[in-house]
Every structure is written in structure tokens, then in C-alpha cells.
Amino acid sequence: MHFRKIHGAGNDFVLISAAEPEAEKAWPKEAERLCARRTGVGADGLVISTLITDAPPLLHVDCYNADGSLATMCGNALRCSAWAARRDYGYTEMTLRMAGVDHRATVEGDTVWVTAEVGTIEPRTVNVMINGRPTWFDSAHTGTEHVVAMVDDVDAIDAELVGRLVRNHEALAPLGTNVNFVQPAGKQALKMRTYERGVEAETLSCGSGTVAAVVIASMRGLVAAREVTVHNRAGEPLIVRPYADRQHTKWVGGPVTQVFEGVTS
């Protein structure tokens, strides 16, 4: 099978377009094999993108995490899929369906925007000690589970250690969660780090986590309800902006980069 190695602001994927339907049952194992950093292609996830209709453009997108689990929402996987659909079919606007939810996407060169739906927000969900200080995490559902802690310095956090602790916290059982550490970084700007469930490691950026960070920062009065720039470990910021006339929908956008193409063995 032909594949692309592609990343959205550092969140990297093996992307396969137009896969054979009968191969579907093998995807969890293929995700584990292909995403392995030392013995496979290496990626945070495996993305399967299939064209459903041409007019209007609709694609079905599945994202399997590096551990083989199926993601219900992955903003960067959607953005990478839209970028590939622009190259394959010429679409600049399309709908992407992931886990039964339709997301709008627009492609402007190598900048891709997709929509994310904001669901339940729960303040002060979990409290843990970080560097000797009790720290609260608020939860925000942005198509998948996220918790967000507002901290003074994200670079002082052991994101792997604390992220794993919170991801498996008993208060968040049985699903667990993605874990985000966020600090204010100037006017309408944030800086964040994310420990991703399913990857079970820190990733360089997270699209749905970026939306969760902005939602929680807005709730706490740290940013206004307009466009916000979110800086990540990749050094390729993502931007979150409101969706006109839809209060619970956000746009998240930023760069997409293809690294190489290949054929699976």
C-alpha cells in the first residue's frame, strides 16, 4: 500500500488514502507496526482516508493511535487528510467524517483549517501535585477527552511523568484522558504541552487539545473569545478562532507538511 508520512504542526502520521475495504480489520495491528519509532515508519498514529462522495466532497477518516486504539477525534489527523485530499482530488473545501461526526475543512496552500465541536466543560476535575504545588485540571470535551492545567511555566513540567499520572487517574476512569499543560504567553496567545492517550507519550502538538486549551483559558478569563495563537513543542503554532453563528464550534488551523511517500512491505 502506498502511504504518506505527513505531520500537522509536528503531530505525525502514516496516512493511507483509498485503502481496500477488506483490509479494514487489520488496521489496529497495522497501526502498532507502522507507528513503531524504531522498527516501523514511526508516527503518532495511522490515518485511513477514504473518499465517499465527490459532489459535495465527503471523506471518511479513521485515526488509529500508535497503540492501535481508535481515536474519536484528532484535529491534526483531519487536517493532514484534508491536505492530502487537496493534492489527490483538488478539493479546497470538504467535509471529513470521523467517528460519526462531520467536520468542515478548508485548505489554503499548506495551511489547513478544520472544525472541532466543544462539548461538556467541567472545572476542577482532578487535583495533583506538580513540583510541590497542588494543581487543578479542568476538563473539556472537544470530540475526545481532555484535561487542562493552567501553569506558570510549561517547560518546568515533567510532561511524561505527570501526564501519565493524570491520564490514568481514578477520577477519570475508565476512559482516561489526554493531558494538557498550558501557560499564558502574551496577548491572545498560549503555550502548551500535551501528553496524548493512545500514543502514551508527549506529542509535539495536538489539535483537539489546542481547542481544549483555548476553551479553558477563555473560561478562566486569560484570553478573549476571538482568535488565539497556541505555541507548541514543534515551534509551529496552531490557531483557534470562533466559527461564525455556531457557539460550540471552533476552527483550528495551521501548517501541514509531507515528509515523504513510500510503499508498505
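Residue numbers count from 1 along this sequence.
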Atom pair CG (Leu78) and CG (Asn76), whose distance is rounded to the nearest 0.5 Å: 9.0 Å
Side-chain heavy atoms of Thr50 within contact of Asp62, under 4.5 Å: no
With Asp153 via side-chain contact (heavy atoms from CB on, under 4.5 Å) - residues at least two apart: Asp155, Ala156, Gln183
Could you list all the side chain to side chain donor-acceptor pair (under 3.5 Å) pairs where at least one residue sits in residues 165-176, not counting sequence neighbours? Arg167-Glu200
Residues in side chain to side chain donor-acceptor pair (under 3.5 Å) with Glu202, at least two apart? Arg193, Arg233
Can you see which heavy atom on Met98 is nearest to which on Cys63, and at what distance? CE-CB, 3.9 Å
Out of curiosity, does Met73 fall in the hydrophobic cluster containing Val199 (side-chain heavy atoms, cut-off under 4.5 Å, transitive links)? no
Answer yes or no: is there a side-chain heavy-atom contact under 4.5 Å between Met150 and Val148? yes
Is there side-chain contact between Val263 and Phe3, with at least one heavy-atom pair below 4.5 Å? no
Just verifying a value: how many Å separate Gln258 CD and Leu15 CG, rounded to the nearest 0.5 Å? 9.0 Å
Do Val147 and Met219 belong together in a cluster built from hydrophobic side chains that touch within less than 4.5 Å? no
Partners meeting side-chain contact (heavy atoms from CB on, under 4.5 Å) with Ala99 (sequence neighbours left out): Thr72
With sequence neighbours left out, the residues meeting salt bridge (charged side-chain N to carboxylate O under 4.0 Å, His left out) with Asp67 are none
For Arg38, give me all partners under side-chain contact (heavy atoms from CB on, under 4.5 Å), at least two apart in sequence or on another chain. none
Is it true that the side chains of Ser205 and Asn11 contain a donor and an acceptor less than 3.5 Å apart? no
In this structure, CG of Asp12 is separated from NE2 of His7 (nearest 0.5 Å) by 8.0 Å
Those residues that, when tested against Asp44, pass salt bridge (charged side-chain N to carboxylate O under 4.0 Å, His left out) (two or more places apart): Arg37
Nearest 0.5 Å please: distance from the CG atom of Leu70 over to the CG atom of Asn65. 8.0 Å
Trace of the side-chain contact (heavy atoms from CB on, under 4.5 Å) decision for Ile16 with Trp27: CA-CA 11 Å; Ile16 296 174; Trp27 292 134; 4.0 Å; yes
By the definition side-chain contact (heavy atoms from CB on, under 4.5 Å), identify the one residue from Val256, Val14, Val259, Thr257 that meets it with Ile6. Val256
Looking at Asp138 and Arg124, is there a salt bridge between them, counting it only when a charged N and a carboxylate O are closer than 4.0 Å? no
Where do Ser208 and His146 land on the side-chain hydrogen bond (donor to acceptor under 3.5 Å, both in side chains) test, with the steps shown first? CA-CA 8 Å; Ser208 59; His146 281 276; 2.8 Å; yes
Would Val215 and Ile121 count as a side-chain contact (heavy atoms from CB on, under 4.5 Å) if you check the C-alpha gap in whole Å, the side-chain angles of each, and the deciding distance to 0.1 Å? CA-CA 9 Å; Val215 167; Ile121 301 170; 3.3 Å; yes
Check salt bridge (charged side-chain N to carboxylate O under 4.0 Å, His left out) between Glu261 and all other residues, then give those that pass, not counting sequence neighbours. none
Are side-chain heavy atoms of Thr194 and Met192 found at a separation under 4.5 Å? yes
side-chain hydrogen bond (donor to acceptor under 3.5 Å, both in side chains) for Thr95 and Asp102? Distances and angles first, verdict last. CA-CA 6 Å; Thr95 299; Asp102 287 352; 5.8 Å; no
Salt bridge or not for Asp88 and Arg4, using N-O below 4.0 Å? yes
Tell me who clusters with Trp251, hydrophobic residues only, linked when side chains sit under 4.5 Å apart either directly or through other members. Trp113, Ile239, Tyr243
List the atom of Ala31, the atom of Tyr64, and the distance in Å for their closest heavy-atom pair. CB-CB, 3.6 Å
Who pairs with Arg133 by salt bridge (charged side-chain N to carboxylate O under 4.0 Å, His left out), at least two apart in sequence or on another chain? Asp152
So do the side chains of Glu236 and His231 get within less than 4.5 Å of each other, counting heavy atoms only? no
What do you reckon, is CZ of Arg241 surrounded by more than 12 foreign heavy atoms closer than 6.0 Å? yes
Minimum heavy-atom distance between Ala171 and Val126, given as atom pair plus value: CB-CG2, 4.1 Å
Answer with yes or no whether the hydrophobic clustering places Phe260 together with Leu34; edges join I, L, V, M, F, W, Y residues whose side-chain heavy atoms lie under 4.5 Å apart. yes
Arg33/Glu30 ion pair, N-O < 4.0 Å: yes
Between CG of Leu165 and CE of Met129, what distance do you get to the nearest 0.5 Å? 11.5 Å
Does Gln247, at its CD atom, have more than 12 non-hydrogen atoms belonging to other residues, nucleotides or ligands within less than 6.0 Å? no
Are the side chains of Asp110 and Pro255 in touch, meaning some heavy atoms are under 4.5 Å apart? no
Can you sort out the partners of Ala105 under side-chain contact (heavy atoms from CB on, under 4.5 Å), two or more places apart, ordered by chain and number? Ala82, Met94, Leu96, Val114
Kindly indicate whether the side chain of Val182, heavy atoms from C-beta on, has any atom under 4.5 Å from the side chain of Ile216. no
Are Val112 and Leu59 in one and the same hydrophobic cluster, where Ile, Leu, Val, Met, Phe, Trp and Tyr link if side-chain heavy atoms are under 4.5 Å apart? yes
Write down the atom of Leu204, the atom of Asn232, and the distance for their closest heavy-atom approach. O-CB, 3.3 Å
Could you please spell out the steps behind the side-chain contact (heavy atoms from CB on, under 4.5 Å) verdict for His103 and Val101? CA-CA 7 Å; His103 303 266; Val101 177; 3.7 Å; yes
Heavy-atom closest contact (Ala213 atom, Leu190 atom, distance): O-CD1, 3.9 Å
Given 3.5 Å as the limit, does a donor-acceptor pair link the side chain of Ser218 with the main chain of Val214, or not? no
Using the ring of Trp83 (Phe, Tyr or Trp, six-membered ring only), decide whether Arg87 places NZ or CZ under 6.0 Å from its centre and within 45 degrees of its axis. yes
Measure across Pro57 and Glu93 and return the closest heavy-atom pair with its distance rounded to 0.1 Å. CG-O, 3.7 Å
Please enumerate all residues that pass ring pair (Phe, Tyr, Trp, His ring centres under 6.0 Å) together with Tyr91, with sequence neighbours excluded. Tyr89
Step by step, work out the side-chain contact (heavy atoms from CB on, under 4.5 Å) result for Cys206 and Asn178. CA-CA 10 Å; Cys206 176; Asn178 299 283; 5.6 Å; no
Answer with yes or no whether the side chains of Glu196 and Thr203 bring together a donor and an acceptor at under 3.5 Å. yes
Find the distance between NE2 (His248) and OG1 (Thr115) and round it off to the nearest 0.5 Å. 14.5 Å
Quick one: are Phe13 and Leu46 in side-chain contact, heavy atoms under 4.5 Å? no
